[in-house]
Amino acid sequence: MRAGILRTPSPLPGFGLSFAITLAMLSAVVLLPIAALVGRGLMIGPVELWEMVGTRRIRAALALSFRAALVASLFNLVFGLALAWVLVRYRFWGRRLIDAAIDLPFALPTAVAGLALTALYAPNGAFGQLLAPLGLRVAYTEVGIWLALVFIGLPFVVRTVQPVIEEIDREVEEASATLGARRSYTLRRVVLPMLTPALLTGFALALARSVGEYGSVIFIAGNLPFQTEIAPLLIVIRLEEYNYDAATAIGLAMLTISFAMLFAINALQIWSRRRIGHA
């Protein structure tokens, strides 16, 4: 009875061993590094940390990293949903090729992706030359950072939403249409509520991936202080300068902001699931 109170009973044995392995791996990979970072911050002191984070260069880098990650994740949220819907609901030539290409950012090293994007969108690149006469620049601007984050974050949304779309019965949409609902109303009041938890999960994964992205961004960003310098790059710069306190301050700032954003997204996700359950 006591074990039943602490955990849900299961006919399969091995809870103790599997729980111990899970806790050990979680501690080694996640909890211990975070504890070491927090411990280093406590040794420095909150006043000194706040003064370092409050410098203009660090504030600019943090703002750029989270702003670009948020914009890219919102774009992937909309475009990823549309792409997943097309791949699931329609059959056309080249569908399997497009479906396989979505996983390319997972397999491609981020540095290679950054070099490829820079070669394409640099002023003398294949696409950059076409955009230059229009007065548009992508490489070495914030737009280039956003483009790189879209590239690496899109698969997280598509692969999270795609299985959920496959489980939605077409009869639900047909019933809505039979009752006289417009397509936009069916999408807004029938389809999207069922997809909201998966969309929030994909958005959270893409956002978390984008905030800490380094390899694909540094090549196309140009890395200009106060303009295109991201926070992960500034951490590396401070480590190369043996300024471990400043690197710790930036890391703790990113950890705190990321945790707050993910907490808000998870809370919204829980609320969405409860609303669907009550409906």
Side-chain angles (χ1 to χ4, degrees), residues 37 48-79 105 108-154 156 203 206-262:
L37 181 64
E48 290 78 4
L49 287 174
W50 182 257
E51 291 178 354
M52 286 184 284
V53 173
T55 59
R56 181 167 171 258
R57 186 174 179 179
I58 293 180
R59 284 191 289 107
L62 289 171
L64 174 61
S65 293
F66 284 95
R67 180 173 65 246
L70 183 61
V71 172
S73 300
L74 289 173
F75 178 87
N76 284 332
L77 184 67
V78 178
F79 186 71
L108 193 67
T110 56
V112 176
L115 288 173
L117 291 173
T118 305
L120 289 173
Y121 288 97
N124 58 346
F127 296 156
Q129 290 180 347
L130 300 177
L131 297 175
L134 302 176
L136 300 176
R137 289 188 58 190
V138 176
Y140 316 129
T141 66
E142 186 174 341
V143 179
I145 299 175
W146 172 79
L147 181 65
L149 297 182
V150 167
F151 176 79
I152 59 100
L154 181 63
F156 290 95
F203 174 77
L207 180 63
R209 178 72 169 83
S210 300
V211 167
E213 179 57 22
Y214 177 79
S216 63
V217 174
I218 58 173
F219 293 102
I220 198 172
N223 309 322
L224 300 176
F226 308 108
Q227 298 181 29
T228 59
E229 186 179 56
I230 58 175
L233 174 62
L234 190 54
I235 292 177
V236 175
I237 293 175
R238 291 295 179 257
L239 290 175
E240 292 177 347
E241 297 173 349
Y242 301 101
N243 191 350
Y244 300 119
D245 291 348
T248 301
I250 302 172
L252 284 173
M254 294 188 68
L255 177 65
T256 304
I257 299 173
S258 299
F259 180 81
M261 295 176 67
L262 293 179

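The residues of the chain are indexed from 1 along the displayed sequence.
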Decide yes or no on side chain to side chain contact (heavy atoms under 4.5 Å, CB included) for Y214 and V236, but give the supporting numbers first. CA-CA 10 Å; Y214 177 79; V236 175; 3.9 Å; yes
Report yes or no: does Q129 contribute a side-chain atom to a donor-acceptor pair with the main-chain N or O of N124 at less than 3.5 Å? yes
Main-chain N/O of A69 paired with S210 side-chain donor or acceptor, under 3.5 Å: no
Interatomic distance, CG@L239 vs CD1@I237, rounded to 0.5 Å, equals 10.0 Å
Would you say the side chain of E48 lies within less than 4.5 Å of the side chain of D245, judging by non-hydrogen atoms? no
Listed by chain and number, what are the side chain to side chain donor-acceptor pair (under 3.5 Å) partners of S216, not counting sequence neighbours? E213
I need the L115 CG to F219 CZ distance, nearest 0.5 Å. 4.5 Å
Side chain to side chain donor-acceptor pair (under 3.5 Å) involving E241 - partner list, sequence neighbours excluded: R238
Listed partners of R59 passing side chain to side chain donor-acceptor pair (under 3.5 Å), at least two apart: none
If you look at every heavy atom in A249 and V53, which pair is closest and at what distance? O-CG2, 3.6 Å
Any donor-acceptor N/O pair, T55 side chain to M52 backbone, under 3.5 Å: yes
Rounded distance [0.5 Å steps], CG in L255 versus OG1 in T248: 11.5 Å
Counting distance only, does the side-chain N/O of T228 pair as donor-acceptor with the main-chain N or O of E142 below 3.5 Å? no
Any chance you could measure F156, atom CZ, to N76, atom CG, to the nearest 0.5 Å? 10.0 Å
Should the ring pair F79 and F75 be called parallel, tilted or perpendicular, given that the plane angle runs from 0 to 90° and is split at 30 and 60? parallel
Close side-chain approach of M254 and L62, heavy atoms under 4.5 Å: yes
F226 side chain near L64 side chain, heavy-atom distance below 4.5 Å: no
If you take all heavy atoms of A148 and V217, which pair is closest and at what distance? CB-CG2, 4.3 Å
Considering non-hydrogen atoms only, spot the tightest contact between I145 and A68 and give its length. CG2-CB, 3.9 Å
Could you tell me the separation between the CG atom of L262 and the CD1 atom of I257, rounded to the nearest 0.5 Å? 12.0 Å
List the steps and the verdict of side chain to side chain contact (heavy atoms under 4.5 Å, CB included) for T118 and Y140. CA-CA 9 Å; T118 305; Y140 316 129; 3.7 Å; yes
So which atom in N223 and which in I218 form the shortest heavy-atom distance, rounded to 0.1 Å? ND2-O, 3.0 Å
F127 atom CZ, neighbour heavy-atom count above 12 within 6.0 Å: no
Once you round to the nearest 0.5 Å, how far does CZ of F151 lie from CH2 of W146? 14.0 Å
